[in-house]
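The structure appears right after this line, and notes come after that.
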Amino acid sequence: MVGLPRLTLLTDGLSFLHGSASHGVEGIGVNYGMIANNLPSPDKVIALCKARGITDVRLFHPDTAVLAALQGSGLGVVLGTLNEDLARLASDPSFAASWVQTYVQPFAGAVRFRYVAAGNEVIPGDLASHVLPAMQNLESALRAAGLGDGDGVRVTTAVSTSVLGSSYPPSQGAFSEAALPSMAPIASFLASRSTPLLANVYPYFAYSADPSSVPLDYALLQSASAAVTDGGASYGNMFDAIVDAVYAALERAGAPPGLEVVVSETGWPSGGGGAGASVGNAAAYVNNVVRHVASGRGTPRRPGKAVEAFVFAMFNENQKPEGVEQHFGLFQPDMTEVYHVDFTAASSS
């Protein structure tokens, strides 16, 4: 679905909340995190996604109850592994085969798996060396199960911007010395399979770390003019700048220009006491991201190549660390909106 036209119609006739299933912006998904003790049942969550025009969900770890609820939903699914399973997935092909047989194979006929993500934000770090072998073993297990060839389930990983040693200006994006030994072979693996890298992109954290230096409008995707000029490229928002810094780093590491980046997390906190954390700013940021994706304009480094993005997160999660971490949700656990997101946004950002 990456790079395809970004508008789709959900036609299941579901009636929920506002009355009917809605036209969703293709290319906008939501992270379905579950670090909470008060969330609604998975079937209600999936019904809420469909009713609001959300076309894809990302799961941080396999959960058979959620996978069962996703059956027949039509939603695209990014299925993550637990970070603590990476070492075993990397070293034990039979464990990778068992993982696929437990969490993918039984659901594959009725769940639209897009990617399996081996680990989340472990590069650089102690687990980094396990990521590529885990990806290779998972890919082999998917192929053995008849699920990994052609249009089958592809394997990738999700990284944070901590993989970057340089990100400004975007054209100078480069992986850090600590990340490069892992990222270069992963980039080669992904490029050879036409599979995107997943990258977690948070202008909020750059803004909140130095609000006196980062214009808020630039972070919120609502700057009226270019805030950063990089050679012949002009950047009116930090989202594009971060994505393009990742692209530049991949190219500098030897990846071909065709390797794509999917934004696997992006969001803005609605509270929690951090700089700029407010309902108004969160609503502005997420709606601007949706409109930006819907526009299909891409980024200055990839003009016309529509960005795919997953908003973080579906719910406010009460067992995450106190502060802004508990306030990234689009919805409260009772499924009422924290703020409204128009997932039917017209292509005009």
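We number each residue from 1, following the sequence as shown.
Side-chain contact check for L79 versus V104: some heavy-atom pair is nearer than 4.5 Å. Two residues are said to be in side-chain contact when any heavy atoms from C-beta on lie closer than 4.5 Å; R154 and R114 fail this criterion. For the pair V307/V263, a side-chain contact is recorded, criterion being any heavy-atom separation below 4.5 Å from C-beta on. Within the 4.5 Å cutoff, side-chain heavy atoms of L259 are placed close to those of L190. You'll find the side chain of E177 stays beyond 4.5 Å of the side chain of F175, heavy atoms only. Between Y218 and V228, the closest side-chain pair of non-hydrogen atoms falls below 4.5 Å. With a 4.5 Å cut-off on side-chain heavy atoms, C49 and L75 count as touching. Between V201 and V243, some side-chain heavy-atom pair lies under the 4.5 Å cut-off.
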Exercise for review: Carefully, step by step, assess L48 and R52 under the rule side chain to side chain contact (heavy atoms under 4.5 Å, CB included).
Suggested key: CA-CA 6 Å; L48 177 59; R52 303 312 287 268; 3.9 Å; yes

Practice item. I would like to know whether V116 and W99 meet side chain to side chain contact (heavy atoms under 4.5 Å, CB included); could you show each step before the answer? Key: CA-CA 11 Å; V116 167; W99 194 95; 4.0 Å; yes

Point to revise | F113 vs L147, side chain to side chain contact (heavy atoms under 4.5 Å, CB included): CA-CA, chis, key distance, verdict | key: CA-CA 10 Å; F113 288 108; L147 300 170; over 6 Å; no

**Study point:** Check against side chain to side chain contact (heavy atoms under 4.5 Å, CB included), S176 and M183
**Key:** CA-CA 9 Å; S176 68; M183 291 305 303; over 6 Å; no

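T156 contributes no side-chain N or O that, together with a main-chain N or O of A117, makes up a donor-acceptor pair within less than 3.5 Å. Between the D342 side chain and the N287 main chain, no donor and acceptor come within less than 3.5 Å of each other. With hydrogens and angles ignored, the 3.5 Å screen pairs a side-chain donor or acceptor of N281 with a backbone N or O of G276. Side-chain atoms of D63 come within 3.5 Å of backbone atoms of A65 as a donor-acceptor pair (strictly under, hydrogens ignored). A donor-acceptor pair under 3.5 Å links the side-chain atoms of S208 to the main chain of Y204, judged by distance alone. T81 places no side-chain N or O within 3.5 Å of a backbone atom of A118 that could act as its donor or acceptor partner. Judged by distance alone, with hydrogens and angles left aside, the side-chain atoms of Q71 form no donor-acceptor pair with the main-chain N or O of V111 at under 3.5 Å. A donor-acceptor pair under 3.5 Å links the side-chain atoms of E317 to the main chain of M34, judged by distance alone. A side-chain donor-acceptor contact under 3.5 Å links S73 to the backbone of L70. In this structure, the side chain of D56 does not engage the main chain of V77 through any donor-acceptor pair within 3.5 Å.
Judged by distance alone, the side chains of S212 and D210 do bring a donor and an acceptor atom under 3.5 Å apart. Between the side chains of N37 and N318, a donor-acceptor pair is found at a separation under 3.5 Å.
How far OG of S140 is from CG of L138: 9.0 Å, rounded to the nearest 0.5 Å. Of the inter-residue distances, the one linking F328 atom CZ with N316 atom CG reads 10.0 Å to the nearest 0.5 angstrom. Taken to the nearest 0.5 Å, the CD atom of E139 stands 10.0 Å off from the CG atom of L132. Of the inter-residue distances, the one linking H130 atom NE2 with N83 atom CG reads 11.0 Å to the nearest 0.5 angstrom. Summarising the geometry, atom CG belonging to L197 is positioned 12.0 Å from atom CZ belonging to F189; distances are rounded to the nearest 0.5 Å. The CG atom of N120 sits 7.5 Å away from atom OG1 of T157, with the distance rounded to the nearest 0.5 Å.
A199 and V261 get closest at one heavy-atom pair: CB-CG1, 3.9 Å. Listed here is the closest heavy atom pair of G33 and L39: O-CD1, 3.6 Å. Nearest heavy-atom pair across K50 and G72 is NZ-O, 4.3 Å. Taking each heavy atom of A309 and V289 in turn, the nearest pair found is CB-CG1, 4.4 Å. Closest approach of P40 to P333, counting heavy atoms only: CD-O, 3.1 Å. Between S171 and A248, the shortest heavy-atom contact is O-CB, 3.7 Å.
Applying the side chain to side chain donor-acceptor pair (under 3.5 Å) test to residues at least two apart or on different chains, the pairs with a partner in residues 239-252 are Y235-D244, N237-D240, D240-H292, D244-T299, E251-R301, E251-R302. Residue pairs that meet the side chain to side chain donor-acceptor pair (under 3.5 Å) test with at least one member in residues 261-273, sequence neighbours left out, are R58-E265, N200-S264, N200-E265, Y202-E265, T266-Y285.
Hydrophobic clustering (ILVMFWY, side-chain heavy atoms < 4.5 Å, transitive): L82 and I35 are in distinct clusters.
The environment of CG in D126 is sparse: at most 12 heavy-atom neighbours from other residues, nucleotides or ligands sit within 6.0 Å.
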List, one per line, each side-chain donor-acceptor pair under 3.5 Å for residues 86-97, sequence neighbours excluded.
| residue | atom | partner | partner atom | Å |
| --- | --- | --- | --- | --- |
| S91 | OG | A87 | O | 3.0 |
| D92 | OD1 | S94 | N | 3.0 |
| D92 | OD1 | S94 | OG | 2.5 |
| D92 | OD1 | F95 | N | 3.4 |
| D92 | OD2 | S94 | OG | 3.4 |

